[in-house]
**Q** 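Input: one structure, supplied below.
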Protein chains: 2
Amino acid sequence: MTRVLVIDDEPQIVRALVINLKARKYEVDAAHDGATALRLAAARHPDVVVLDLGLPDMDGVEVIKGLRGWTRVPILVLSARHSSDEKVEALDAGADDYVTKPFGMDELLARLRAAVRRAEPAGGEEEDVIVETAEFTVDLAAKKVDRGGRDVRLTPTEWHLLEVLVRNTGRLVGQRQLLQEVWGPSYGTETNYLRVYMAQLRRKLEADPSHPKHFITEPGMGYRFER
Amino acid sequence: MTRVLVIDDEPQIVRALVINLKARKYEVDAAHDGATALRLAAARHPDVVVLDLGLPDMDGVEVIKGLRGWTRVPILVLSARHSSDEKVEALDAGADDYVTKPFGMDELLARLRAAVRRAEPAGGEEEDVIVETAEFTVDLAAKKVDRGGRDVRLTPTEWHLLEVLVRNTGRLVGQRQLLQEVWGPSYGTETNYLRVYMAQLRRKLEADPSHPKHFITEPGMGYRFER
DNA sequence: GGGGCGCGTCAGGGTTGCGTCAAGGACGCC
DNA sequence: GGCGTCCTTGACGCAACCCTGACGCGCCCC
């Protein structure tokens with residue numbers, strides 16, 4: 001869940017923000033002055049900060065600088081000041097966005113989403129899916145198979161077949177499903193393809209290809225990969 | 001130098017932006033419609049995009065989506081529309097900021113700086129920008145390749161290709177991904193480019209170009225850089 | 001006990017993909 | 001305006017991959 005830190009000394013603004021954010025499943029912390037804000041930020045590590053520049057105890061720009069000293073968390077500034085200088089100062093101090101009051105809640109939330117989105121890791125869906133067995137190791141992200149310290153060379157079809165099986169580790173994968181995922185939706189009965197390529201996978205990966213321990217045949221149904 | 005792509009169909013706005021940006025040592029490209037914009041973005045790989053939503057040939061949001069299909073470059077939207085819905089739509093489509101016309105040049109430049117700043121590599125300190133192999137050393141930050149104490153001269157395309165591969169050291173990079181990252185999103189099947197440039201990289205960097213140890217071909221799938 | 005079915009294995013041939021070379025053309029620099 | 005660099009494009013040989021058919025074996029059902 002995304003954690004938001006709201007910093008504003010006007011209770012009604014804080015209330016409105018908190019209600020709207022919580023309704024959208026954000027986790028919300030609130031602070032009414034700069035000192036509390038800096039303490040909360042350090043303690044809670046929010047994913048995004050909404051900061052009103054007009055605080056009772058310190059200048060909002062100082063809060064920005066205080067945060068930027070140790071974190072790159074997105075900072076969305078709220079302010080009643082429309083002056084261009086104020087905006088430039090806040091942005092150059094390290095703010096990510098600047099919204100003037102009164103603001104539309106929809107717009108603020110959209111800007112918040114934008115700020116959170118671009119803070120996400122660049123890779124996107126980089127799950128390091130690595131599956132190990134006693135004989136070999138499959139790295140799905142790098143498309144690599146290691147066996148006894150040496151890379152095993154797989155052809156595209158072999159790799160594709162292995163990938164489908166490994167993503168369903170422990171589950172039976174029907175022959176029709178295998179054929180359609182690897183060879184395309186118009187295939188479904190050419191089980192001889194499967195036999196040939198399963199044999200090649202076993203030859204390259206199994207310790208004893210004629211008695212496979214990982215690529216298991218379920219006669220009449222399909223194949224199963226076991227670690 | 002930071003490269004900016006300005007997209008607007010009003011000549012006076014473009015002129016004002018170009019003059020102000022160039023005065024501040026930005027490198028500027030300009031486009032007057034969406035199609036040109038997408039083409040220029042692919043060809044020039046700007047560091048930040050300034051986009052007017054009101055274009056003659058296509059909806060500005062479509063331009064955003066077209067860019068977001070293959071790049072995370074910061075997009076700063078300009079628009080005459082003040083409506084909240086427009087802002088939300090553009091921001092949710094992938095824009096980073098939204099400025100309504102008329103705008104103050106100081107503010108726009110400050111928002112531009114903020115967008116560029118946060119797009120910079122997160123690490124800040126020396127990350128793994130230097131990759132060493134037995135034969136050569138690649139310095140991603142300095143854009144330099146050293147081999148046996150001497151700089152290796154690489155053309156822009158060669159360098160770009162090398163950069164993508166090195167940033168994915170050990171991982172397989174698909175030919176489609178390579179083509180799109182180096183030549184732009186409209187490429188994906190011109191694998192002969194890859195063959196030519198991989199050969200040039202190997203000739204310049206491998207000890208034995210005909211038996212590459214670092215730039216490895218995975219037939220039918222792509223290429224992999226190994227240290 | 002015999003036949004049928006499904007699976008594993010092997011080898012050959014068509015096709016695809018890769019590496020290499022060279023020439024044409026665009027672009028920028030002097 | 002000439003020159004050089006870089007990108008693009010085509011052709012060609014070769015290796016690897018994918019498909020295909022044939023054969024043997026074990027299991028199940030009749």
**Q** Taking any heavy-atom pair under 4.0 Å as a contact, classify B/Glu218: base, sugar-phosphate, or nothing.
**A**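 No contact at all - B/Glu218 keeps every heavy atom at 4.0 Å or more from the nucleic acid.
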**Q** Take atom CE of B/Met221 and atom C1' of C/dT16, then tell me their distance rounded to the nearest Å.
**A**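 Between C1' of C/dT16 and CE of B/Met221: 15 Å.
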**Q** Are the side chain of A/Arg147 and the backbone of A/Lys204 linked by a donor-acceptor contact shorter than 3.5 Å?
**A**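 Checked: pair present.
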**Q** Has A/Thr191 got a side-chain N or O lying under 4.0 Å from the OP1 or OP2 atom of C/dG6?
**A**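 False: A/Thr191 side-chain N/O out of range (4.0 Å or more) of C/dG6 OP1/OP2.
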**Q** Any luck finding a side-chain donor-acceptor pair between A/Ser210 and A/Asp208 under 3.5 Å?
**A**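 A/Asp208 and A/Ser210 do have a side-chain donor-acceptor pair below 3.5 Å.
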**Q** Heavy atoms under 4.0 Å is the rule here; annotate nucleotides 15-30 of chain D 5' to 3' with B where the base is hit, S where only the sugar-phosphate is, and - elsewhere.
**A** --SBSB----------
**Q** Do the rings of B/Trp183 and B/Tyr193 sit parallel, tilted or perpendicular, given the 30° and 60° boundaries?
**A**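 Ring orientation of B/Trp183 relative to B/Tyr193: tilted.
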**Q** Short question: side chain of A/Glu206, backbone of A/His214 - any donor-acceptor pair under 3.5 Å?
**A**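 Such a contact is found between A/Glu206 side chain and A/His214 backbone.
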**Q** What's the OH-C1' distance between A/Tyr223 and C/dC7, to the nearest Å?
**A**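 Taking OH of A/Tyr223 and C1' of C/dC7, I get 7 Å after rounding.
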**Q** Between atom CZ in A/Phe215 and atom C1' in C/dG8, what is the gap in whole Å?
**A**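 One finds 16 Å between C1' of C/dG8 and CZ of A/Phe215, rounded.
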**Q** Quickly work out the B/Leu194 CG to D/dC7 C1' distance and round it to whole Å.
**A**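 Rounded to whole Å, this separation is 14 Å.
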**Q** According to the interplanar angle, ranging from 0 to 90°, do the rings of A/Phe136 and A/Phe215 count as parallel (below 30°), tilted (30 to 60°) or perpendicular (above 60°)?
**A**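 Ring orientation, 0 to 90° scale: parallel.
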**Q** Exactly one of B/Arg68, B/Arg72, B/Arg111 should register a salt bridge (Lys or Arg N to Asp or Glu O under 4.0 Å) with B/Asp96. Which one does?
**A**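 Option passing the salt bridge (Lys or Arg N to Asp or Glu O under 4.0 Å) with B/Asp96: B/Arg68.
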**Q** What is the separation between atom CG on B/Leu179 and atom P on D/dT9, rounded to the nearest whole Å?
**A**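 In whole Å, D/dT9 P and B/Leu179 CG are 12 Å from each other.
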**Q** How many Å lie between NE2 on B/His160 and C1' on D/dC6, as a whole number?
**A**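 So the NE2-C1' distance, B/His160 to D/dC6, works out to 16 Å.
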**Q** What integer distance in Å separates B/Arg203:CZ from C/dA22:P?
**A**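 After rounding, the gap between these two atoms is 10 Å.
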**Q** In whole Å, I'd like the distance from the CZ atom of B/Arg176 to the C1' atom of C/dG17.
**A**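 So the CZ-C1' distance, B/Arg176 to C/dG17, works out to 16 Å.
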